[in-house]
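A short worksheet on the structure shown next.
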Amino acid sequence: MSETSSLSKDEICRTLVELGHILEISGSSPFKVRAFANGARALENWQGDLVSLVQDGKVTSIQGIGKGLAGLIEEWVLEGESEAEEEIRSLVPESLLDLLKIAGLGPKKVRVIYEELEIESVDELEEACQENRIQSLAGFGQTSENSILKGINNLRRFAGRHLVSQARVVAQRFLDAVKSVSGVERAEVAGSLRRNRETIGDIDVLVGTLDPIPVREAFMAVEGIREVMAEGETKSRILSEEGVGVDLRVVEPVAFAPALHYFTGSKEHNTRLRQRARERGWKLNEYGLWDEEGAALPTPEEQDIFRHLDMAWIPPELREDLGELEKAADLHSRSAEWEPLISEQDVKGVLHCHSTWSDGKATLREMVQAASDLGWVYYGTADHSRTASYAGGLSIEQLAEQRAELEEIRSDFPHMTLLQGIESDILADGSLDYPDEVLAELDYVVVSVHSSFSLPRAEQTARIEKALRHPATTVWGHPTGRLLLQRDGYEIDLDHLLSVAAEEKVIVELNAHPRRLDLDWRWGRRVLELGVDIGIHPDAHSTQGLRDVEYGVAVARKMGFSSSQVTNCMNPEEYLKRLNLCHKS
DNA sequence: GCCGTTTTCGGCCCGACTGTTTTCAGTCG
Ligand SMILES: Nc1nc2c(ncn2[C@H]2C[C@H](O)[C@@H](COP(=O)(O)OP(=O)(O)OP(=O)(O)O)O2)c(=O)[nH]1
Ligand SMILES: [Mg+2]
Ligand SMILES: [Mg+2]
Ligand SMILES: [Zn+2]
């Protein structure tokens, strides 16, 4: 047993964010604070094997991580702890970080509350507000106490982010309301939703009109507003009944494109682009772009902003300051454009769908019908395997019966290529759930982890590697097992397993269920480097679930993928050939 | 703390809303 265990990349990112906040409360330079936040983000978005990176002394090769942060990271990876970290932590009590989560409380106010009243926790702050001990502090008043109490209440009930599927419903409600107002020329959802992030913090709606007042009124009249958090000339913010924040920004139509660019973000992308404008003596904000003489440059569309700055238009999904600005400048210099990203119409069919044969809600026939209605030309059923008894896993006999049913259905859907597969549990020892000859009879095999989530990293990796190397394995299902906003994925060496998948020609699933979206988009770059093929699969348990492909396509776009980089955009003939590359029968 | 095809020092995006600030700081997008 080692005395201290190395911190994982995720733990390191979380720690960097925390240290940044501690520095902020203790009054450090805002630029140093930003450096910690940027470093955390840079590391979060970097994918690969961190231990090797540290051993090779290459941590500073990550843009945004310099000598200082690299020193911390190296200590965390090699020793599991850091003196420099402890020094920072000793500046203020850790529990103050919770106070920062209260809306309206930032580092300056938290510091005053702590230093003047020795308040260290949310509970203590609540008590102090109730006893009216806050209003006497410099910079606070009676209203402050009420708004802090409200903030504490909201924090307890509605903290956290939201699934894309839920956020889209709320967003549509508000978008419809403002779009129907007369005088509204353009209206769009911006922010993380437009960038197709995997989870959504709040919803951002932009409106272009010369008549802003009725827009604000319509926005405030939408059903299900819990609280108005701000209401100004151009900006309003509410909290919905569901606990989702919605920001409204209203600008004149002439500023719609620069405002859409601003409001789409990301913040880091915006900052970098504004910096680029500034470097040439220009100014960029949400109202427009001005040259060194202060002359406004026309920007009727987003692409005009980029063009003036000598860049190709960047798809919203890629605006994360992860190298897209450099790529856009390069494309522009070669008079080239971004290759179009995949869209839903490019998907020709799917694998990995369940039916009433196991735990699905629709019959196999109903599922095939729904797939046909979506315009798909191939469809692969995959119910659970026999060990998954809790999910109605199929016995060998049932597999044969299902095959017979599929033959019957086939005759009614002559235009479709129907495939029988299985979602085989990867058993604890890495073997699959049926004898090899049974697996070989199937058209394809998805292998997934549904048990023994907490094996040590090396064991878990070896277990999955064994499954990926099985000759029948076609697809690696929901590779990390993460459930968004619920649980992290199991501990594995994903970088290694992706290279195994590439070697074995196993298709890595981009599971489109909005709770999973697994593989995470941040692995897109690595997937390309390693030559891994991905497939967008809905993991549908109902006919409605097939539509989740939309969320999978969104993630593939965020990976920057075109249709040629997704297996199930192939035509049926090519696709069958691709499946048989790895599924030996 | 990070970074560099004008820089290894001296910058680091820019603007809206709120509250108690009698002239703007803090927070947030
Ligand atoms: N220039 C600039 N733009 C910002 C800043 N903060 C936010 N924005 C822009 C870019 C963001 O995407 C957009 C909406 O802000 P949000 O706080 O809602 O962030 P976003 O939607 O990206 O993520 P979210 O899922 O809501 O946490 O506003 C900033 O500090 N500077
Ligand atoms: Mg947002
Ligand atoms: Mg927002
Ligand atoms: Zn599964």
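Chain A is the first sequence line, chain B the second, and so forth, proteins listed ahead of strands; every chain is numbered from 1. As the structure is a computational prediction, the values presented were derived from the model and not from experiment.
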Among [options], which nucleotide sits nearest the side chain of [X]?
{"X": "A/K267", "options": "B/dG15, B/dC13, B/dC17", "result": "B/dC13"}
{"X": "A/K32", "options": "B/dG1, B/dC12, B/dT18", "result": "B/dG1"}
{"X": "A/R237", "options": "B/dC13, B/dG29, B/dG1", "result": "B/dG29"}
{"X": "A/Q63", "options": "B/dG29, B/dC14, B/dG4", "result": "B/dG4"}

Rounded [atom1] spacing from [N] to [M] in Å:
{"N": "B/dC3", "M": "B/dT7", "atom1": "C1'", "value": "10 Å"}
{"N": "B/dC13", "M": "B/dG19", "atom1": "P", "value": "28 Å"}
{"N": "B/dT20", "M": "B/dA25", "atom1": "C1'", "value": "11 Å"}
{"N": "B/dC28", "M": "B/dT23", "atom1": "P", "value": "25 Å"}
{"N": "B/dC12", "M": "B/dT18", "atom1": "C1'", "value": "27 Å"}
{"N": "B/dG15", "M": "B/dG10", "atom1": "P", "value": "26 Å"}

Does a salt bridge link [X] with [Y], judged by any charged N lying under 4.0 Å from a carboxylate O?
{"X": "A/E198", "Y": "A/R482", "value": "no"}
{"X": "A/K235", "Y": "A/E286", "value": "no"}
{"X": "A/R272", "Y": "A/E324", "value": "no"}

Under 4.0 Å between a side-chain N/O of [X] and OP1 or OP2 of [N], yes or no?
{"X": "A/K67", "N": "B/dC3", "value": "no"}
{"X": "A/T234", "N": "B/dC17", "value": "yes"}
{"X": "A/R278", "N": "B/dC14", "value": "yes"}

Would you kindly compare A/G232 and A/F36 by the position of their nearest DNA chain B nucleotide and give the one closer to the 5′ end?
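By nearest-heavy-atom nucleotide position, the 5'-most residue is A/F36.
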Closest-nucleotide 5' rank along DNA chain B - winner of A/R249 and A/G64:
A/G64
Quick one: closest heavy-atom pair of A/R168 and A/N196, and the distance?
NH2-OD1, 3.7 Å
Have a look at [X] and say if it touches a base, only the backbone sugar-phosphate, or nothing, with a 4.0 Å heavy-atom cut-off.
{"X": "A/N285", "result": "sugar-phosphate"}
{"X": "A/R34", "result": "base"}
{"X": "A/D204", "result": "sugar-phosphate"}
{"X": "A/L273", "result": "nothing"}

Regarding B/dG15, can its base be found pairing with the side chain of A/Y287 as donor and acceptor, where the two atoms are less than 3.5 Å apart?
no
Does CD belonging to A/E83 count more than 12 external heavy atoms closer than 6.0 Å?
no
What nitrogen or oxygen pairs link the protein and nucleotides 20-27 of chain B at under 3.5 Å?
from: B/dT20; atom 1: OP1; to: A/G141; atom 2: N; distance (Å): 2.7
from: B/dT20; atom 1: OP1; to: A/S144; atom 2: OG; distance (Å): 3.1
from: B/dT20; atom 1: OP2; to: A/T143; atom 2: OG1; distance (Å): 3.4
from: B/dT27; atom 1: OP1; to: A/G106; atom 2: N; distance (Å): 2.8
from: B/dT27; atom 1: OP1; to: A/G106; atom 2: O; distance (Å): 3.0
from: B/dT27; atom 1: OP1; to: A/K109; atom 2: N; distance (Å): 2.9
from: B/dT27; atom 1: OP2; to: A/K108; atom 2: N; distance (Å): 3.2
from: B/dT27; atom 1: O5'; to: A/G106; atom 2: N; distance (Å): 3.4

Whether A/H261 and A/H269 hold their rings parallel, tilted or perpendicular, with breakpoints at 30° and 60°
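Rings of A/H261 and A/H269: tilted, as their planes differ by 30° to 60°.
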In Å, rounded to the nearest 0.5 Å, how long is the span from CD1 of A/I119 to OG of A/S95?
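OG of A/S95 is found 11.0 Å from CD1 of A/I119.
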I want to check a possible cation-pi pair here: A/R526 against A/W523, using under 6.0 Å from ring centre and within 45° of the ring axis as the test.
no
